[in-house]
Amino acid sequence: MEYILIGIKNALELILTMDQEVMQIAVLSITTSLISSLIASIIGIPIGFLIGHYDFKGKRIIITILNTLLSLPTVVIGILLFAFVSRRGPLGDLELLFTSKGIIIGQIILALPIIATLTLNTVKDSESQVVVTALSLGASQQQAVLMLLKEIKFGVLGAVITGFGRVIGEVGVSMMIGGNIKRVTRTLTTAIALETSKGEFGFGIALGIILMSISLIINFVLHHFQAGGA
């Protein structure tokens, strides 16, 4: 029990003194997660909206694939991406292995199905009420779609925040593609795993507190917007 208290004490000292290495790891994690979530949102939100709003051949198959990707372990994504970006892989010439760019690509693959699926579900939940009601009141198809977009904005924002929360807490992709290189690709999760295995509980707990704080802020923001949309 004593070593835990000492670890917490050391962790608080590292955070309060804004230890350079701790801050560098936190900034890298937040930056890569923000970029990957933004790119995944730009791609995933239109995909989710189109699948949810329109009926077309093969729609069920695409939804099944998206749902399957939701449960895909991050380490599996890491292995598949590693095969492509390693020196012998088809994308080896791009030199993405053990770089933050490689981590971002892996996180995009992880966040994309989450954001697309949650957007899709949001559209489906609101479609029957908003679009049908708007059309019955004399609105044009374009006006009905605009009303639908306005109605689902909080749900879409929730999808984006959920995607960000997923990627900032992942470890498989960051470990396999980033390589956990100090001051280059070391993220909060990979650093926690490394420092804990070395017995550096204070450092690991400090990073864990930062990660938990980010998750807490994400949940507060999510609940705030969900309450605003209710």
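Start at 1 with the first residue, then count along the sequence.
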A.B. asks: If hydrophobic clusters are built from ILVMFWY residues whose side chains come within less than 4.5 Å, do Ile114 and Leu112 share one?
C.D. replies: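 Looking at the clustering, Leu112 is in a separate group from Ile114.
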A.B. asks: Nearest 0.5 Å, please: how far is CD1 in Ile108 from CD1 in Ile35?
C.D. replies: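 These two atoms lie 9.0 Å from each other.
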A.B. asks: Going from OG1 on Thr162 to CG on Asn219, what distance comes out if it is rounded to the nearest 0.5 angstrom?
C.D. replies: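 So the gap between those two atoms works out to 8.5 Å.
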A.B. asks: Counting distance only, does the side-chain N/O of Glu13 pair as donor-acceptor with the main-chain N or O of Thr17 below 3.5 Å?
C.D. replies: no
A.B. asks: With distance as the sole test, does Thr133 use its side chain to make a donor-acceptor pair with the main-chain N or O of Val130 at under 3.5 Å?
C.D. replies: no
A.B. asks: Tell me, do Leu66 and Leu70 make a side-chain contact under 4.5 Å, heavy atoms counted?
C.D. replies: no
A.B. asks: Please find the pair of heavy atoms, one from Ile115 and one from Gly163, that lie closest to each other, and give the distance.
C.D. replies: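 In this case the closest contact between Ile115 and Gly163 is CG1-CA, 4.3 Å.
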A.B. asks: Under 4.5 Å side-chain heavy-atom separation, chaining through any Ile, Leu, Val, Met, Phe, Trp or Tyr, what else clusters with Leu216? Say none if it is isolated.
C.D. replies: Phe220
A.B. asks: Search all heavy atoms of Pro46 against all heavy atoms of Ile43 and return the closest pair with its distance.
C.D. replies: CD-O, 3.4 Å
A.B. asks: How close do Ser36 and Val167 get, counting heavy atoms only, and between which atoms?
C.D. replies: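 Of all heavy-atom pairs spanning Ser36 and Val167, the closest is OG-CG2, 3.9 Å.
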A.B. asks: Hey, is the main chain of Val171 close enough, under 3.5 Å, to the side chain of Ser174 for a donor-acceptor pair?
C.D. replies: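 No: the side chain of Ser174 does not pair with the backbone of Val171.
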A.B. asks: Kindly compute the distance separating CD1 (Ile192) from CD1 (Ile209), expressed to the nearest 0.5 Å.
C.D. replies: 10.0 Å
A.B. asks: Would you mind writing out the side-chain donor-acceptor pairs for residues 82-106 within the sub-3.5 Å range, not counting sequence neighbours?
C.D. replies:
residue : atom : partner : partner atom : Å
Ser86   : OG   : Phe82   : O            : 3.2
Thr99   : OG1  : Leu96   : O            : 2.5
Thr99   : OG1  : Gly102  : N            : 3.1

A.B. asks: For the residue pair Thr74 and Arg166, establish whether any side-chain heavy-atom pair is separated by less than 4.5 Å.
C.D. replies: yes
A.B. asks: Between Ile214 and Leu34, is there shared hydrophobic-cluster membership here, with clusters defined by ILVMFWY side-chain heavy atoms closer than 4.5 Å?
C.D. replies: yes
A.B. asks: Taking all non-hydrogen atoms of both residues into account, name the closest pair between Leu194 and Ser197 and its distance.
C.D. replies: O-OG, 2.6 Å
A.B. asks: Mind checking side chain to side chain contact (heavy atoms under 4.5 Å, CB included) for Val145 and listing every partner two or more places apart, or none if nothing turns up?
C.D. replies: Phe49, His53, Gln141, Leu149
A.B. asks: Should Lys153 and Leu157 count as side-chain neighbours, where that means a heavy-atom distance under 4.5 Å?
C.D. replies: no
A.B. asks: If every non-hydrogen atom of Ile168 is compared with every non-hydrogen atom of Ser29, which pair is closest and at what distance?
C.D. replies: CG1-O, 4.3 Å
A.B. asks: List the atom of Leu148, the atom of Ser126, and the distance in Å for their closest heavy-atom pair.
C.D. replies: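 In this case the closest contact between Leu148 and Ser126 is CD1-CB, 3.9 Å.
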A.B. asks: Rounded at 0.5 Å granularity, tell me how far CG in Leu110 sits from CD1 in Ile77.
C.D. replies: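 CD1 of Ile77 is found 4.5 Å from CG of Leu110.
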A.B. asks: Decide yes or no for Ile45 and Val160: does some side-chain heavy atom of the first lie under 4.5 Å from some side-chain heavy atom of the second?
C.D. replies: yes
A.B. asks: Taking the side chain as C-beta and beyond, is there a heavy-atom pair between Met23 and Ile210 under 4.5 Å?
C.D. replies: yes
A.B. asks: How long is the gap from CZ on Arg183 to CD on Glu21, to the nearest 0.5 Å?
C.D. replies: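 Separation between the atoms: 5.5 Å.
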A.B. asks: Considering only heavy atoms from C-beta outward, does the side chain of Val221 approach that of Phe164 to under 4.5 Å?
C.D. replies: no
A.B. asks: Say whether Ile39 and Leu69 are linked into one hydrophobic cluster, either directly or through other cluster members, by side-chain heavy-atom distances under 4.5 angstrom.
C.D. replies: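 No; tracing contacts between hydrophobic side chains, which count when under 4.5 Å, never links both residues.
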A.B. asks: Any side-chain heavy-atom pair from Lys150 and Met147 closer than 4.5 angstrom?
C.D. replies: no
A.B. asks: Hydrophobic clustering (ILVMFWY, side-chain heavy atoms < 4.5 Å, transitive) - are Leu120 and Ile62 grouped together?
C.D. replies: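 Same cluster.
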A.B. asks: Supply the atom-to-atom distance Glu170 CD to Ser33 OG, rounded to the nearest 0.5 angstrom.
C.D. replies: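 Interatomic distance, Glu170 CD to Ser33 OG, rounded to 0.5 Å: 7.5 Å.
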A.B. asks: So does Asn180 get a backbone contact from the side chain of Arg186, meaning a donor-acceptor N/O pair under 3.5 Å?
C.D. replies: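 Yes.
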A.B. asks: Establish whether Val156 and Leu38 are linked, either directly or via other cluster members, by ILVMFWY side-chain heavy-atom contacts under 4.5 Å.
C.D. replies: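 Each belongs to a different hydrophobic cluster.
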